[in-house]
Participant: 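Please find one structure pasted underneath; my questions will follow.
For ligands, and for the atoms within them, numbers begin at 1 and follow the listed sequence. The shown structure was predicted, so the numbers you read here are calculated from the model rather than taken from an experiment.
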Amino acid sequence: MSQQKAFTLELRDDQVAVIHIDVPGESMNTLKASFAEEVAHVLNQLEQQHDLKGVVVISDKPGSFVAGADISMIDACENAADTESLARQGQAMFDRIESLKVPVVAAIDGACLGGGLELALACHYRVATDSEKTIIGLPEVQLGLLPGSGGTQRLPRLIGIQKALPLILTGKQLRAKQAKKLGIVDDVVPATILLEAAVKLALSSKAKVKRVRHSLFNKLLEGSGVGRGIIFSKAREQAQAKAKGNYPALDKIIDTIAYGADKGFEAGLEFEARSFGELAMTPESKQLRHIFFATTAMKKETGAGDTKPRKIERVGVLGGGLMGGGIAYVTAAKAGLPARIKDISEQGIVHALKYSYDLLHKKVKRKHLSRTELEATMLRLSGTLDYSGFDQVDVVIEAVFEDLKLKQQMVADIEAVAGENTIFATNTSSLPITQIAAEAQRPENVIGLHYFSPVDKMPLAEIITHAGTSDETIATTVALAKKQGKTPIVVKDGAGFYVNRILAPYMNESARLVLEGEPIEAVDGALVKFGFPVGPMKLMDEVGIDVAAKVAPIMADELGDRFRAPDAFGKLLDDERKGKKNKKGFYAYSGKKPGKSVDESVYGLLGISPSAKLGGDEIAQRTVLLMLNEAAYCLDEGIIRSARDGDIGAIFGIGFPPFRGGPFRYMDAVGVAEIVRRLQNYQQQHGERYTPAPLLVKMAENNERFY
Ligand SMILES: C[C@H](O)CC(=O)SCCNC(=O)CCNC(=O)[C@H](O)C(C)(C)COP(=O)(O)OP(=O)(O)OC[C@H]1O[C@@H](n2cnc3c(N)ncnc32)[C@H](O)[C@@H]1OP(=O)(O)O
């Protein structure tokens with residue numbers, strides 16, 4: 001029996017040839033170097049067909065056109081020359097497709113990303129389905145790469161440089177309708193008629209490469225060296241402001257598009273392949289690829305070995321505040337499950353419903369959602385002042401005040417009204433799950449499910465077990481969080497769980513630096529330069545100074561003196577300085593650019609006259625080392641199950657710089673022995689809070705790595 005092929009050719013009676021893509025044994029189509037021969041064979045056949053009228057390229061896997069080049073294959077390359085040659089191979093294959101003498105139409109259903117879109121761009125026309133699974137984009141930048149098989153050259157020529165640049169620089173994935181609006185696809189149709197529509201288009205069109213039709217202004221701008229100079233220099237400025245030099249792919253993308261625009265398509269392809277090879281070898285790209293592999297592996301895990309999750313049909317949410325509203329939203333909109341919200345006031349329920357409505361309405365306005373979909377989602381939400389309907393729910397997610405007695409009461413209430421298998425998941429951020437479960441009749445059903453604010457945006461959920469949580473409860477809660485669009489990590493109960501625990505010493509040290517006289521902008525600037533999305537003082541304003549003040553002593557009491565916060569909260573709170581929420585914090589929230597500049601009056605209040613004495617690197621090391629050290633404690637104590645979970649938790653929960661791979665991969669890159677040396681150095685200068693975690697010392701002695 002002949003081996004099953006990924007690319008096969010069907011010649012139809014209407015003289016349209018269909019190239020079917022179906023990578024055997026895989027759930028998604030990806031492009032591999034080993035397919036070169038098959039594709040060449042298909043193209044040879046096509047080039048020899050004299051009566052051919054058109055070609056359609058389609059996937060036989062519903063919901064997956066082509067998700068790009070196989071990232072593992074890129075990862076396996078040992079040097080830039082090897083990766084460059086992969087790119088060249090793709091380019092040559094797509095050039096042959098583009099050169100076919102008959103119209104070639106890509107029929108797209110499902111993910112059409114990276115090399116998949118580059119294949120589609122080499123076709124003369126593109127038809128996409130209106131399915132939710134159809135996503136179109138060039139996400140290579142998120143892997144620290146650039147599109148290496150013609151994407152940097154074909155997309156700007158198809159839709160214009162100004163529209164292509166942001167897409168390639170952000171890796172944004174578009175829905176079919178958005179792609180049509182931008183001119184990337186020619187038609188959007190229901191999946192049932194995709195092939196038919198593509199064949200029709202092939203039979204009624206000409207074989208020619210489409211080019212953007214510019215307005216006169218854009219023709220002048222993009223068509224002249226001077227005009228393009230303006231576009232590219234602005235893009236460079238923006239990329240630099242955003243990435244602080246941490247993402248080499250951004251500059252390379254701009255250079256490659258600029259080179260091709262100046263020197264022509266062929267020269268652009270040369271530059272593209274070379275840049276692809278170089279970028280693939282950068283440490284940034286390697287770390288970003290690890291994140292892809294880690295998150296893909298995590299999608300498959302149940303959180304409790306072989307234990308299967310229970311079916312979830314209905315969810316209850318306690319509390320209609322900011323968190324409750326967000327949780328109800330992700331339940332109804334992402335998971336597609338009914339969410340019944342209980343609050344003590346009608347106002348709370350109205351708030352929660354409005355929260356969802358506003359988010360959905362924004363999507364409707366941007367044409368990401370239809371009015372009907374909005375209505376269907378809103379119908380999944382309901383509210384109650386008592387527990388009516390809670391006898392039907394499979395999981396209750398509690399998001400009420402951080403008060404132990406109140407939460408224990410909620411457990412008792414739910415045990416009284418709901419079924420005996422109903423899970424009680426608490427969204428506490430500071431109270432031990434063990435205590436919340438202490439008086440439960442069925443503690444096996446009690447678990448922590450900690451979301452990050454804003455719930456609809458933040459990708460992480462911490463799932464916190466206490467000693468008595470059952471495996472079924474864990475697996476079911478993990479499954480629910482995934483359905484809500486989250487990447488969950490299962491962590492053990494303990495003050496601050498994982499994310500807030502590693503955040504606390506870093507935040508405390510940042511505050512200490514400010515109290516020592518470092519300007520607030522210098523501290524925040526140093527950590528943004530290190531790669532965090534916001535600096536720690538700004539983050540404190542966002543989280544709420546009052547919240548930080550409440551949590552700090554709890555952490556110190558539970559975990560010891562290294563968590564002791566510097567003594568400044570009193571003065572700040574006496575001055576009613578709670579942060580962004582009451583427009584009074586470390587930053588000024590009045591004026592034209594609220595939150596952009598420091599509120600200088602905070603220095604007087606704290607009795608400091610700021611003057612920058614330390615460099616940015618020193619500030620970053622002094623703060624980040626404490627986060628790394630705490631992450632090592634968490635691994636050693638079993639708070640997190642693996643270094644991988646710790647890395648993903650820090651990246652998705654705090655915004656730890658992804659290009660550094662997370663705390664553990666970063667420690668591996670620097671060397672654990674070097675981390676210990678730096679900690680010991682600070683221990684001598686600044687005190688015992690820098691004492692290296694025993695795990696790090698042991699690993700340094702044995703020359704070990706986390707991965
Ligand atoms: C030369 C070119 O310019 C270079 C490139 O093309 S680089 C690659 C660019 N493409 C990408 O970055 C897309 C990466 N993939 C994704 O974002 C997501 O997988 C997706 C949105 C396509 C689908 O997500 P989802 O439905 O949740 O499925 P997910 O579990 O992630 O993937 C299903 C399987 O496809 C695999 N897969 C998806 N895209 C892949 C890729 N580009 N390479 C290798 N494997 C890939 C996953 O590893 C997983 O495999 P498994 O089942 O054996 O573990």
Participant: Please determine whether the number of non-hydrogen atoms from other residues, nucleotides or ligands lying under 6.0 Å from atom NZ of K32 exceeds 12.
Facilitator: yes

Participant: Hey, are R644 and E301 close enough for a salt bridge, meaning a charged N less than 4.0 Å from a carboxylate O?
Facilitator: yes

Participant: Can you pull out the closest protein heavy atom to atom 49 (C) of ligand 1? Residue, atom name and distance to 0.1 Å, please.
Facilitator: T296 CG2, 3.6 Å

Participant: Between ligand 1 and S149, can you find any atom pair, the residue atom being a heavy atom, that is separated by under 4.0 Å?
Facilitator: yes

Participant: Please identify which atoms of ligand 1 are closer than 4.0 Å to at least one heavy atom of G115.
Facilitator: 2 (C), 5 (C), 6 (O)

Participant: Out of L117, T30, L143, L138, who is nearest to atom 40 (C) of ligand 1 when you count heavy atoms only?
Facilitator: T30

Participant: Please write down residue, atom name and distance for the protein heavy atom closest to atom 28 (O) of ligand 1.
Facilitator: K299 NZ, 3.9 Å

Participant: Would you say atom 46 (C) of ligand 1 touches the protein, meaning some protein heavy atom is under 4.0 Å from it?
Facilitator: yes

Participant: Give me the nearest non-hydrogen protein atom to atom 8 (C) of ligand 1 as residue plus atom name, then the distance to 0.1 Å.
Facilitator: A69 O, 3.6 Å

Participant: Would you call K210 and D186 a salt bridge, taking side-chain N to carboxylate O under 4.0 Å as the test?
Facilitator: yes

Participant: Check each atom of ligand 1 against the heavy atoms of G68 and keep those under 4.0 Å away; list them by number with element.
Facilitator: 6 (O)

Participant: Would you mind checking if E47 and R96 are paired as a salt bridge, meaning a charged N to carboxylate O distance below 4.0 Å?
Facilitator: yes

Participant: Below 4.0 Å from any atom of ligand 1, is there a heavy atom belonging to P147?
Facilitator: yes

Participant: Which atoms of ligand 1 have any heavy atom of D70 under 4.0 Å away?
Facilitator: 43 (N), 44 (C)

Participant: Answer yes or no: is there a side-chain heavy-atom contact under 4.5 Å between T477 and V395?
Facilitator: no

Participant: Please confirm whether Q173 comes within less than 3.5 Å of ligand 1 when only nitrogen or oxygen atoms on both sides are compared.
Facilitator: no

Participant: What heavy-atom pair brings A176 and I136 nearest, and what distance separates the two atoms?
Facilitator: CA-CD1, 4.3 Å

Participant: Would you check the N or O atoms of E140, main chain and side chain alike, for any that come under 3.5 Å of an N or O of ligand 1?
Facilitator: yes

Participant: Closest non-hydrogen protein atom to atom 43 (N) of ligand 1, residue and atom name please, with distance?
Facilitator: I71 N, 2.8 Å

Participant: With heavy atoms of S27 as the reference, note each atom of ligand 1 found under 4.0 Å away.
Facilitator: 33 (C), 34 (C), 52 (O)

Participant: Counting only nitrogen or oxygen atoms and a 3.5 angstrom limit, does E118 reach ligand 1?
Facilitator: yes

Participant: Only one of K252, E118, E272, E140 passes side-chain hydrogen bond (donor to acceptor under 3.5 Å, both in side chains) with T152; say which it is.
Facilitator: E272

Participant: Between H124 and E98, do the side chains contain a donor N or O and an acceptor N or O under 3.5 Å apart?
Facilitator: no

Participant: Quick one: OG1 on T8 to CD1 on I21, what's the gap to the nearest 0.5 Å?
Facilitator: 9.5 Å

Participant: What protein heavy atom is closest to atom 54 (O) of ligand 1, reported as residue, atom name and distance in Å?
Facilitator: K300 NZ, 2.3 Å

Participant: Can you tell me which residue and heavy atom of the protein come closest to atom 16 (C) of ligand 1, and the distance to 0.1 Å?
Facilitator: F292 CE1, 3.9 Å

Participant: Please check if the distance between the ring centroids of Y707 and F664 is under 6.0 Å.
Facilitator: no

Participant: Number the atoms of ligand 1 from 1 as they appear, then name those within less than 4.0 Å of a heavy atom of M28, with their elements.
Facilitator: 22 (C), 23 (C), 26 (O), 33 (C), 34 (C), 35 (O)

Participant: Would you mind checking if E84 and R88 are paired as a salt bridge, meaning a charged N to carboxylate O distance below 4.0 Å?
Facilitator: yes

Participant: Walk me through whether F530 and Y666 qualify under ring pair (Phe, Tyr, Trp, His ring centres under 6.0 Å).
Facilitator: CA-CA 12 Å; F530 185 81; Y666 178 59; 5.5 Å; yes

Participant: Please work out, at 4.0 Å between heavy atoms, whether the side chain, the backbone, both, or neither of L86 comes within that distance of ligand 1.
Facilitator: neither

Participant: Any nitrogen or oxygen of A67, side chain or backbone, less than 3.5 Å from one on ligand 1?
Facilitator: yes

Participant: How close does the nearest protein non-hydrogen atom get to atom 21 (C) of ligand 1, and which residue and atom is it?
Facilitator: I135 CD1, 3.8 Å

Participant: Within a radius of less than 6.0 Å around CD of E132, do more than 12 heavy atoms belonging to other residues, nucleotides or ligands occur?
Facilitator: no

Participant: Would you tell me which option among P139, G114, S72 has the nearest heavy-atom contact to atom 11 (C) of ligand 1?
Facilitator: P139

